[in-house]
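For reference, the structure discussed in these notes is given below.
Each chain gets a letter, A, B and so on, in the order the sequences are listed, and its residues count up from 1.
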Number of protein chains: 2
Amino acid sequence: MVTIVDVAKHAGVAPSTVSYVLTGKRPVSAETRMRVGESIRQLGYQPHAGARALAGSRTNVLALVLPLREGVHLPVVMRFASSVVTTAREHDMDVLLVTADEGAAGLRRVAGTARVDGFLVMDVGLDDERVPVLRDLGRPAVLLGHPTVANGLTCVDLDFEAAGARCVDHLVELGHRTIGFLGAPGAVYARNTGFAQRTLAGFSSAAMRRGVASTALPAERQREAVRAVVGTLLRELTRMTALVVHNEAALGWVVESLRAEGRRVPEDVTVVAICPDELAEQLRLTSVQLPADVLGRRAVELLMAKLNGQRPPALTLLPPKLFSRTGQAGPRLVVAPPPRQVG
Amino acid sequence: MVTIVDVAKHAGVAPSTVSYVLTGKRPVSAETRMRVGESIRQLGYQPHAGARALAGSRTNVLALVLPLREGVHLPVVMRFASSVVTTAREHDMDVLLVTADEGAAGLRRVAGTARVDGFLVMDVGLDDERVPVLRDLGRPAVLLGHPTVANGLTCVDLDFEAAGARCVDHLVELGHRTIGFLGAPGAVYARNTGFAQRTLAGFSSAAMRRGVASTALPAERQREAVRAVVGTLLRELTRMTALVVHNEAALGWVVESLRAEGRRVPEDVTVVAICPDELAEQLRLTSVQLPADVLGRRAVELLMAKLNGQRPPALTLLPPKLFSRTGQAGPRLVVAPPPRQVG
DNA sequence: AACCACGTTCGAAGCGCTTCGATTCAATTC
DNA sequence: GAATTGAATCGAAGCGCTTCGAACGTGGTT
């Protein structure tokens, strides 16, 4: 193995000088820098990660905590993971994969053994045991999915409010004047927080602002329940030509119900969904997608900022991406505004 | 931070003794072991991973190299990754996530900086640049997917030959006596190696052994091409009541073509696919699944064996799992034999 | 009673790197 | 020309752990 001492000897300098060349933490003359660089190249020197971590108390590794079993849509997780690793590498970081199965104990372990510098935690629940632990651990962390705003922690999520509004705006631009909203099961709105409510709020205020007639109803996931709600909407909102659906499980039944009621989709009723891209793709519906790749990138950037001692905003909401799938041509990306930041 | 010295003082022993308690590399009296263990618990001691790696030249981390972008079916990758992490943790190992994008350079980097003890590489190509690098690196590695048998390297894969045979056996047990085989595009069979050929071989010899009439044809992925091949099969093998399909892209068109020809699926023609589970699930077809979870577990176990100085078989072929989806009941797992080992 | 052997435990020497105070030397200043 | 400065570099002290030879008892042997 080639060590820093070998490089130092080869370049005729002290080991510390090589270190300074590598880290840039002290000025080194251009000439020395060249010479050391050349020695590094010739000897094929690669610093020992463990030694670095020991002496410098920085591992250059970040923990990515993923729900690998269930819950979140798998392709979304993958895209996110991919984006995280790529972005991390741009910052010269490696990624340690931790499953959510390990729970808080897993976080304690990798932090306690000084394996990682910080955490990226996906799919954090509203009352997650890991949140307090994360705060105690005293290492930078970025949470994804649910914006559990907790002091000191940083969160990233899709801007669901904007997503709701975006659907309305899109439909209004297509000429629709009466729009329905079919949301999550009632119970989801009952807990007084979360993305469902924010989506609905965005939808409602946009409808108001745009002056369109609208009705919003919750829906259970079962086929019959969905059929009933669709029936109600068609009856109450007789001139309804468009429907925004924020309920993955019901989505398929919604389309089926509409057709059963004699409405063609999308000719008679245009359906816009807020759901993972794959599902919308399959049903050929225009949709607002979860921008997993942007989410991953942004999350890493926020974490890096914290590692560098900055204090990034406590909450970053990413602009929704709307893919139009009405035409015969491939998905058309409608450009969205920059992210919102809070705190 | 609590160090080994703190623990040693607290327990009234030398640091080295604490180390031996932890690693078990030298005998320690039961009484001392107790006392040290108690101190560890009381102080909440967790050994510093970097220091360990430096002194012991063992990181307890393994690299998982995944094709995160494309190629392999995403859910399969996830299941595999999940299984790898879980199994690795059982062996007290952590997992560093590396994307295939980084190529051979990525392997050189994580090995050169002593970040990992070994490699798990998924989706290795027939003439992959990483194979020679992996051999040079001199660290244990286990390859998955294509059994590129290379000296010193260990491979795990699905036993495609058994998969082909299994389909026949299953169908014969259901009473079928004339079975067609619709395979990958001709070009795939032309390269003189790989899973396509092995599947076909397994199918053919099983058909022979079972005394069933059979015809095998390659098929391109396009709809018209598939339709033509299905037509040919129906004409040539007039009494065909079952069809084994080893061509993911064509699978949907196969079912469509059969129905267009007036054959009900599965009543008139039973289709068994060799494909990712999700696809078969969607089309409600009985299928042979890639056992990603078993694959991941086995891969880690092989790697651990190598890390412990053993010389596991060069090639392990996992028994195929056949899921029957003909009935109304949920998937029924038909139990399969133990893995085959070579080398 | 002196000896040996064995199971335990200790002490010290690194592992390869970062970091900080000290040192050097040339360029500036009075 | 001596004193002052500041940039560039050096040297040494750790970081927390493993490991290896040595030391220490204890019990059994001759």
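- No contact: A:Ser57 has no heavy atom under 4.0 Å from any strand.
- What separates CZ of B:Arg115 from P of C:dG16 is a distance of 17 Å, to the nearest Å.
- Comparing C:dC10, D:dC17, C:dT8 by their closest approach to the side chain of B:Tyr45 singles out D:dC17.
- Of all nucleotides listed (C:dT19, D:dG16, C:dG11), C:dT19 comes nearest to the side chain of A:Lys25.
- Of the candidates C:dT9, D:dA8, C:dC17, the closest approach to any side-chain atom of B:Val28 belongs to C:dT9.
- Closest approach to the B:Tyr20 side chain among D:dA8, D:dC20, D:dC17 is made by D:dC20 (side chain taken as heavy atoms from C-beta onward).
- The distance between atom CZ of A:Arg26 and atom P of D:dA8, rounded to the nearest whole Å, is 12 Å.
- Counting only heavy atoms from C-beta on, B:Thr3 has its side chain closest to D:dC17 among C:dG11, D:dC17, D:dC15.
- Listed pair B:Ser19 / D:dT18 meets the phosphate criterion, a side-chain N or O lying under 4.0 Å from OP1 or OP2.
- When the nucleotides D:dC17, D:dC10, C:dC17 are ranked by their closest atom to the side chain of A:Val13, D:dC10 comes out on top.
- Candidate nucleotides D:dA8, D:dG16, C:dC17 were compared by shortest atom distance to the side chain of B:Leu54, and D:dG16 ranks first.
- With rounding to whole Å, A:Ile4 atom CD1 is found 15 Å from D:dT9 atom P.
- Across the protein-nucleic acid pair, B:Glu31 atom CD and C:dT8 atom P stand 12 Å apart, rounded to whole Å.
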